[in-house]
Structure formats: C-alpha cells, structure tokens
There are 2 protein chains.
Amino acid sequence: MGRTSDAKEKLLQVAFELIWQQSYGSVSVDDICERAKVKKGSFYYFFPSKSDLAVAAYEEHWQCNRPKYDRVFSPLVPPLERIDTYCKLLYEGQKAKQEKTGRVLGCPFASVGSELSTQDEKIRQKSQEMFDRMCKYLENTLRDAHKEGLIEKQDFSAKASAIFCLVMGMLLQAKVKNDSEVLRNLGPIVLQMIGATVPA
Amino acid sequence: MGRTSDAKEKLLQVAFELIWQQSYGSVSVDDICERAKVKKGSFYYFFPSKSDLAVAAYEEHWQCNRPKYDRVFSPLVPPLERIDTYCKLLYEGQKAKQEKTGRVLGCPFASVGSELSTQDEKIRQKSQEMFDRMCKYLENTLRDAHKEGLIEKQDFSAKASAIFCLVMGMLLQAKVKNDSEVLRNLGPIVLQMIGATVPA
DNA sequence: TGTTAATTTAACTAAACAGTCAACTAAACA
DNA sequence: TGTTTAGTTGACTGTTTAGTTAAATTAACA
C-alpha cells in the first residue's frame, strides 16, 4: 500500500559515488540530494542522518559487489590465480575510474575509514568489517595455496592481513600520486610476499 | 620592528594536532583558533586559507621531526636495525597517542592524503612529498643492507615503496580497528618482506 | 473506486561555516 | 621618547550546513 519509490536506492548509489570521488566531509546532504534528484525531505524520510546514509551506502555497495568477490576468490580457481586476478581487477578498476573522473580514487572503504574512524563509530565498524571480510578471502586463498604445495606453511591469518595492508597502502599511494600505474605490478609483489614462485 | 608573536607557531601546532585527531573536514577554523587562543582575524593575518594553514602545518611537522628520522636512518646504524627501530617507534608512537586520546590515529600524512588528494592539489602534493621522503630513507637502507650482504639484490626502489605501502596499510588497519597492538610485530613482517633473516 | 499509507514537496530553522575589515595595541628601534 | 609596523581584536558578512515540518500527492490494494 502507498506509493513506491527508488529514491532510497538512488540516494545510496549517489552517496557512495560522491563520497568516494570527494570525501565524506566535503559532500553535503544537499549535494547528494541534487545529484539523486531527491528532495531533502525525502532524504530524511529514508535516513535519520548523513552518517547513517553513509553506513547504509557502504553496506549496499558491499552487498552488490559480493558476488564479484565470490567469483574471484572461488575455490574452483587455482589459489595463486585468485590473487593475481584480484590485483588485476584492482588495477583495472582504478584505471577505469581515473579515465572517467580524472582522479585515482583509491579504496572507498579505506578512504572513509581513514577519514572518519576517530570520529564516527558506526563508520569505523563498517570499515573494520570490510577489512575483515577481505582478509578472510585472502586467508582462505593462502590455506588453499599451501594445501596445493604452492607456498610454505606460515601464519596465514597474519600474512593475509599483511597482504591486505600492502594492497590498501598501494591504493593510497596511487591516490596520493594520482597515478594508477603504480598498481600495474601489484600481483607479482603480493605473490613474492607470500613466497610463491613469480611467473616470468 | 612592530610586536612579536608566537600565534603562527601555535596555529600550526594546534592545526596539525586537531586534524590528526579528527579530520580536515571536521575541524573548523574556529576550532583551531579557540584551541590556539588566537582570534580569527590573526588566523587570516598569517594564513590566506584553512587549506594553506594545513599545508604549512604538515610541512612544519616534517621539519620538526626530520632530525628524528635522520637519527633513525643514520648510516652509522646497521641497516636492518634502522628498519626495526623505525617500526618500533611507529608502534610506540601510536600506542602513546592512543593512551592520551583514546584513539589510534594512524599516519597523519596518510589520513589527510587519503581524505583530500582528490580535492586539494596542494595537500595532495605535500602528501606525495612525504611519501617520497620516507621511501628514500627506506631505499638507502635497503641498498646499505645489500652492500653488507644482508639481503639479496633486488629492485630497491620498488621494494622501498612496497614496504612503505605495507606500513601505511598497517597504520590504517590500527586506526580502523582502534588497536595499536596490530603494529607490535611490524618489524619482523617488514624484514621478512625484504628477505632478511628474522631474529628469533 | 474509495481508502490507506507510503512518499514527495517546498518552505523553514538555527547553527556553523570560511573569510573580511577597520580600528586598536604594543613591541622594537632609531 | 616618539615613530614605525607587526600583530590583535571583535564585530561583521553572506553562505552553507544538517535537520524539521506540515501539507500535498499518488500508487497500491480491498
């Protein structure tokens, strides 16, 4: 009953995109509403605050992209290929965004986590959640790689975390240098880090 | 001639500290002035804009801390010890700040670079400058380590950059988890990454 | 088709924002 | 000691901010 609307979804999409391209602090509720073609009253009909919208937008983005990650890190794919594909997708994704916007945007979760972790507890938690999710993909991959005799036994949890930190740092470097090419060779760097034979 | 003042220095210090603890976007010129006990008119007597103050504050912080870095990375210190000391100082620094403020703050340059690189070109450049400076310290260290036969020949520039990315990512992880303990074992992780023998 | 309830709208608030300015003050120095 | 000038002050502007509200609209459904 009552009327239907895609305003909520539009707000989530636009918010994610705008905050990624700029920053949480520099994007206003009015900006988001204007781009989403939604009036401010509707905004506050759907979301209690700007911060709540941001959290919802990031969760929505994760839910939309989860199938993609599941595919990349599928147990059906050879372990080291998963990592290489993941790195390639990161590079290509950043490059594509750079071509569209003129700017390397880095990791959206890292950016918002870095900006707001000391300020907004809900956003901090969402950032941490993403961190843990990605580390799990990597940890599983490392375990599988070990089972297949591709890498030595090691602390897989710690190593997965270190890999993800390296990747986040690389994305930050790309953003700060506004140069996606620093990500070109990411795959081999990560593979070497886990002691895998790097393909020529 | 004319009167003297430490208002400028106070503004630089307070701005750095506040932006580090919160974020660029959430700290207002009024906040900075209040904490520095300086009137807004004086602020704009010394700095043309908030963004210019931020750039100056970050440069000032680097100039003040440069002697410390020069000591840590001194050629008189054995190469691998330099890296270990650097990692220890990072851990202790973050821990100390956490005890004071209740929050892990991460790397101030990475935070501001991550927040503003797509927005403010001057801040982007300052961030990149810091990135390059730190990478130079690390690259020199790697070259010296190789000269002393401690590590294999490799692409030292690329490896230095990768190490710094790992470190930045680790600091981000600590901030997002609000847990400085993830940095405890940073030294060995980095040493293992360059193929050095990790001390027991 | 009439009722219901979900959504939309525009006009509103009150606070916070970055930045301005002309008049004032006081330290340095000749 | 008087002049110079670097620095201070507080009151100001116009804009932008997040968030509110009450009345209007419209799609779904019985």
Side-chain angles (χ1 to χ4, degrees), chain A residues 1-58 60 112 115-116 118-124 126, chain B residues 1-58 60 112 115-116 118-124 126:
Chain A
M1 285 169 176
R3 56 207 289 194
T4 51
S5 165
D6 62 343
K8 191 173 179 177
E9 283 66 38
K10 265 200 221 152
L11 285 169
L12 290 169
Q13 269 179 42
V14 168
F16 180 86
E17 203 59 37
L18 238 41
I19 293 171
W20 191 16
Q21 278 175 42
Q22 303 177 35
S23 68
Y24 179 86
S26 73
V27 171
S28 71
V29 174
D30 289 291
D31 291 338
I32 295 166
C33 290
E34 197 189 331
R35 277 274 283 266
K37 284 168 194 160
V38 166
K39 292 283 148 51
K40 216 205 302 232
S42 292
F43 180 107
Y44 285 101
Y45 172 73
F46 290 112
F47 303 100
S49 74
K50 181 187 173 187
S51 157
D52 285 281
L53 165 73
V55 171
Y58 278 80
E60 170 82 359
V112 97
E115 180 182 355
L116 297 173
T118 61
Q119 306 274 110
D120 188 304
E121 183 57 17
K122 280 182 286 182
I123 288 179
R124 206 213 95 239
K126 189 53 65 186
Chain B
M1 280 172 181
R3 56 208 289 194
T4 51
S5 164
D6 61 343
K8 191 174 179 176
E9 282 68 36
K10 266 200 219 153
L11 285 169
L12 290 169
Q13 270 178 43
V14 167
F16 179 86
E17 202 61 35
L18 275 183
I19 293 172
W20 192 16
Q21 279 175 41
Q22 303 178 34
S23 68
Y24 179 85
S26 72
V27 171
S28 71
V29 173
D30 290 290
D31 291 338
I32 294 166
C33 289
E34 196 188 330
R35 276 275 282 268
K37 281 168 196 163
V38 167
K39 293 284 149 50
K40 216 204 299 232
S42 291
F43 180 108
Y44 286 100
Y45 173 72
F46 291 113
F47 303 100
S49 74
K50 182 187 172 188
S51 156
D52 285 282
L53 165 74
V55 172
Y58 278 80
E60 171 80 359
V112 97
E115 181 182 354
L116 298 173
T118 61
Q119 305 275 111
D120 188 304
E121 182 58 16
K122 280 182 286 182
I123 287 180
R124 207 213 94 239
K126 189 52 67 184

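Order of the sequence lines fixes the chain letters, A, B, ..., with proteins taken first and strands second; residue numbering starts at 1 for each chain.
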Query raised in the report: Does any pair with a residue in residues 41-58 of chain B pass salt bridge (Lys or Arg N to Asp or Glu O under 4.0 Å), and if so which ones, sequence neighbours excluded?
Result: Asp52(B)-Lys122(B)
Query raised in the report: Is the shortest side-chain N/O distance from Thr4(B) to OP1 or OP2 of dA6(D) below 4.0 Å?
Result: no
Query - Terminal axis angle for the helix from dT1(C)-dA30(D) to dA30(C)-dT1(D), five pairs an end, nearest 10 degrees - result: 10°
Report summary line: Applying side chain to side chain donor-acceptor pair (under 3.5 Å) to Lys8(A) and not counting sequence neighbours gives none
Query raised in the report: For the atom pair CD (Gln13(A)) and CG (Asp6(A)), what is the distance rounded to the nearest 0.5 Å?
Result: 9.0 Å
Report summary line: Its contact letters, B for base, S for sugar-phosphate only and - for none at protein heavy atoms under 4.0 Å, make nucleotides 10-16 of chain D read B------
Query raised in the report: Does the pair Ser23(A) and Glu115(B) meet the rule for a side chain to side chain donor-acceptor pair (under 3.5 Å), with working shown?
Result: CA-CA 6 Å; Ser23(A) 68; Glu115(B) 181 182 354; 4.7 Å; no
**Report entry** DNA chain D: 5'-proximal contact among Asp31(A) and Arg3(A) (nearest heavy atom)
**Finding:** Asp31(A)
Requested in this report: Considering only heavy atoms of chain A and a distance under 4.0 Å, specify the first and last nucleotide of DNA chain C in 5' to 3' order that meet this criterion.
Outcome: dA5(C) to dA10(C)
**Report entry** Test item: Arg35(A) and Leu18(A) side chains (from C-beta on) under 4.5 Å apart, heavy atoms
**Finding:** yes
Report task. May I ask you to test the Ile123(A)-Tyr58(A) pair for a side-chain heavy-atom distance under 4.5 Å? Result -> no
Query raised in the report: Considering residues at least two apart in sequence or located in another chain, which fulfil the side chain to side chain contact (heavy atoms under 4.5 Å, CB included) criterion with Glu34(B)?
Result: none
Requested in this report: Would you mind reading off the distance between Asp52(A) atom CG and dA18(D) atom C1', rounded to a whole angstrom?
Outcome: 13 Å
Report task. Show your working on side-chain contact (heavy atoms from CB on, under 4.5 Å) between Lys40(B) and Val29(B) and close with a plain yes or no. Result -> CA-CA 8 Å; Lys40(B) 216 204 299 232; Val29(B) 173; 3.9 Å; yes
Report task. Not counting sequence neighbours, which residues clear side chain to side chain contact (heavy atoms under 4.5 Å, CB included) with Lys39(A)? List them please. Result -> none
Report summary line: Contact check, residues 43-50 of chain B vs DNA chain C, heavy-atom distance under 4.0 Å, returns Tyr44(B), Ser49(B), Lys50(B)
Requested in this report: Identify, residue by residue, the members of residues 7-19 of chain B with a heavy atom below 4.0 Å from DNA chain D, and return them in order of residue number, or none.
Outcome: Ala7(B)
Report task. Locate the shortest heavy-atom distance separating Asp31(B) from Ser26(B); write the atom from each residue and the value. Result -> OD2-O, 3.9 Å
Report task. Mind jotting down which residue pairs meet the ring-ring contact (aromatic ring centres under 6.0 Å, His included) criterion with at least one end in residues 19-42 of chain B? Sequence neighbours excluded, please. Result -> Phe16(B)-Trp20(B)
Query - Gap between atom CD of Gln21(A) and atom OG1 of Thr118(B) - 0.5 Å precision - result: 8.0 Å
Query raised in the report: Should Leu53(A) and Phe46(A) count as side-chain neighbours, where that means a heavy-atom distance under 4.5 Å?
Result: no
Report task. Please name all residues satisfying side chain to side chain contact (heavy atoms under 4.5 Å, CB included) with Ala56(A), sequence neighbours left out, ordered by chain then number. Result -> Leu12(A), Phe47(A)
**Report entry** Residues that Ala36(B) engages under side chain to side chain contact (heavy atoms under 4.5 Å, CB included), provided they are two or more places apart
**Finding:** Lys10(B), Leu11(B), Val14(B), Val38(B)
